[in-house]
Colleague: 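My structure is below; once you've seen it, I'll send some questions.
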Amino acid sequence: MNNELILILDFGGQYNQLIARRVRECNVYSEVVPFDISLEKIKEKNPKGIIFTGGPASVFGEDSPKCTDGIFDLGIPVLGICYGMQLMTYTLGGNVARATKREYGTTTVEIDNTSSLFQGFDTTNGFLMSHTDYVEKVPDGFKNIGHTPSCPNAAIENTEKKLYGIQFHPEVNNSVNGTQVIKNFLFNICNCKGDWIISSFVEDSIKKLKEKIGDKKALCALSGGVDSSVAAVLLSKAIGKNLTCIFVDHGLLRKNEGDEVEEIFRNQFDINLIRVNSKDRFLAKLAGITDPEKKRKIIGEEFIRVFEEEAKKIGTADFLVQGTIYPDVIESGLGKSSVIKSHHNVGGLPDYVDFKEIVEPLRDLFKDEVRKTGLELGIPENLVYRQPFPGPGLAIRVIGDITDDKLTILKEADSIFREEIANAGLHKSINQYFAVLTNLKSVGVMGDERTYDYTIALRAVETTDFMTGVWSKIPYEILEKVSSRIVNEVEHVNRVVYDITSKPPATIEWE
Ligand code: XMP
């Protein structure tokens, strides 16, 4: 892809992806690889530098992960972080000891700012420490360049061999100026240039895809989500009309969303697009189903059936395009090729769709890089920054059984909520927000008439990882406006409630 590469050897630490991202934020391409990568493989990859991550193990453990012999003699700069530093010390003949007490939290580290690693730093700096073992005696040829009251060797260096170790975690936000430590390693020690930018990634990918696919045919399942959209546009820039996108519109997307997807792909990008309007088919399968997991399963399976039928009409495709991104690859097992990403998180594409090879043009990118790629390709910002939307769509936001009428109510209410959030400028700070059609009817009064209609619940959460999250404290005036617009503008809704539960204990979705 490019000449400059930093290899990140994964020793099982929880921040490994973050290290890779920090390096890339410095415009240097990085790859996370298994800790036991062979010397041959490293030489083949020819990295400018190597980073050992932290990890939960202790060098004293029998099964603790060890690096390949000879890695420190390659002449390639190495930065060991936490366990990585201890391993470097242990392997090169220094002493690692076990402290009686774990050191955890942001700690003031006194550093030697004449070291290239700490160029531009004050002599004291707050870094996140999280360890029990520590380096008691540095290996021959190394010198101490940092300590804390309870850790005598918080940073060490061997300038001749370009080997560096730090006990703290520079990759996390709690480490003030932590990224600068990484930058210093990249630019002062590894002599990187920092020329990895998204525009060169895009240019390079298009060229490579052209070479790989030539004038053969490729097929892509388009969901309207960010990853598959960016993958499709990238492919279409490379092979034009030899790409066919199949957009299975299950009728469970948000208001106007299906049309927006069609407009962008057909008109703006002139992509060969087959939109399959299959709402009736999905609703028929979902009729009377109330169990959320059953809904998910039915939608996943039906999606595959529809895709498969359309793919068969086209005939043989040489390539199947997948929107797999780097976290999927890392999570699915390092070094192994990723399994086919299941569409809509259920099922998976059928193995009897006739294609020869999978192309995953985004498999080296993190989500924020996928978004940047999308913008670089000219995909509208509102699609690129779209909030996450579950594969089963509104089916899991209509509580209980799903009907066309209920979907219409929900689409209208949800669209009002989203519009008001955008008007209030809150769409960037709230990470996911939507309406839910509860299965509850209650009594109301409109004009002189008694009503007995549905309750809409509003859900809005602030989160970075979607694993945990807090409910968003939307100002009352905005909630008031949303509520009054929904009951006035959406037929069959006479009550609006706001979900004030965080995750955990509640989930973000209601089903
Ligand atoms: P929960 O409800 O588990 O949601 O707190 C966490 C995130 O996952 C999304 N989500 C799904 N996404 N298929 C998807 O593609 C699903 O079945 C599904 N269920 C939940 C949810 O929107 C949130 O972003």
Side-chain angles (χ1 to χ4, degrees), residues 221-231 247-255 257-258 261 282 285-286 289-304 306-307 322-325 327-328 331-332 338-349 362 366-368 370-371 383-400 402 407 410-411 413-414 417-418 421 426-438 457-472 498-511:
L222 202 61
S223 66
V226 181
D227 303 344
S228 68
S229 299
V230 174
F247 169 36
V248 178
D249 184 352
H250 49 28
L252 303 161
L253 296 171
R254 287 166 292 201
K255 189 180 172 188
E257 209 163 41
V261 170
F282 277 84
K285 287 272 174 192
L286 288 166
I289 305 293
T290 55
D291 178 70
E293 290 312 305
K294 269 199 192 132
K295 288 181 182 176
R296 284 186 166 84
K297 196 158 180 286
I298 290 171
I299 293 165
E301 279 174 7
E302 204 55 20
F303 183 92
I304 292 167
V306 178
F307 180 82
Q322 289 265 302
T324 317
I325 69 172
D328 305 329
E331 276 154 27
S332 70
S338 71
V339 284
I340 294 182
K341 187 179 181 184
S342 68
H343 208 89
H344 291 188
N345 294 3
V346 252
L349 291 178
L362 309 177
F366 286 109
K367 191 83 179 184
D368 53 327
V370 173
R371 294 194 209 276
L383 197 165
V384 167
Y385 285 101
R386 182 163 283 180
Q387 55 168 314
F389 184 66
L394 300 184
I396 55 166
R397 293 181 182 170
V398 170
I399 310 304
I402 305 163
L407 278 176
L410 179 59
K411 282 183 191 178
D414 182 69
F417 187 33
R418 286 189 292 130
I421 291 291
L426 294 175
H427 55 293
K428 290 211 170 129
S429 56
I430 307 178
N431 306 95
Q432 203 171 0
Y433 50 97
F434 51 87
V436 174
L437 182 64
T438 72
L458 304 175
R459 180 73 166 141
V461 287
E462 285 164 34
T463 170
T464 46
D465 56 7
F466 297 87
M467 310 286 280
T468 59
V470 292
W471 62 278
S472 177
Y498 187 44
D499 182 349
I500 52 165
T501 344
S502 289
K503 173 182 179 178
T507 50
I508 296 173
E509 303 288 348
W510 274 39
E511 281 200 337

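Residue numbers count from 1 along this sequence. Ligands are counted one by one from 1 in listed order, and the atoms in each one are counted from 1 as well.
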Colleague: Closer than 4.0 Å to some heavy atom of F466 - which atoms of ligand 1 meet that?
Modeller: 6 (C), 24 (O)
Colleague: Hey, is R296 touching ligand 1 through its side chain, its backbone, both or neither, going by heavy atoms under 4.0 Å?
Modeller: side chain
Colleague: Name all residues meeting the ring pair (Phe, Tyr, Trp, His ring centres under 6.0 Å) criterion together with F282; count only those two or more places apart in sequence or in a different chain, and write none if there are none.
Modeller: H250
Colleague: Heavy atoms only: which of Q432, E293, M467, K503 is nearest to atom 6 (C) of ligand 1?
Modeller: K503
Colleague: Which of the numbered atoms in ligand 1 are under 4.0 angstrom from any heavy atom belonging to G391?
Modeller: 13 (N), 14 (C), 15 (O)
Colleague: Can you tell me if NZ on K367 sees more than 12 non-hydrogen neighbours from other groups inside 6.0 Å?
Modeller: yes
Colleague: Would you say K285 has more than 12 foreign heavy atoms packed within less than 6.0 Å of its NZ?
Modeller: no
Colleague: So for ligand 1, is I508 a polar contact partner (N or O within less than 3.5 Å, distance only)?
Modeller: yes
Colleague: Report the member of G393, P392, P388 with the shortest heavy-atom distance to atom 13 (N) of ligand 1.
Modeller: P392
Colleague: Hey, are E511 and R397 close enough for a salt bridge, meaning a charged N less than 4.0 Å from a carboxylate O?
Modeller: no
Colleague: Please list, chain by chain and in numerical order, all residues satisfying ring pair (Phe, Tyr, Trp, His ring centres under 6.0 Å) with F389, sequence neighbours excluded.
Modeller: none
Colleague: Just going by heavy-atom distances, which of P504, P292, P390, G225 is nearest to atom 10 (N) of ligand 1?
Modeller: P390
Colleague: Could you walk me through whether K297 and E293 pass the salt bridge (Lys or Arg N to Asp or Glu O under 4.0 Å) check?
Modeller: CA-CA 6 Å; K297 196 158 180 286; E293 290 312 305; over 6 Å; no
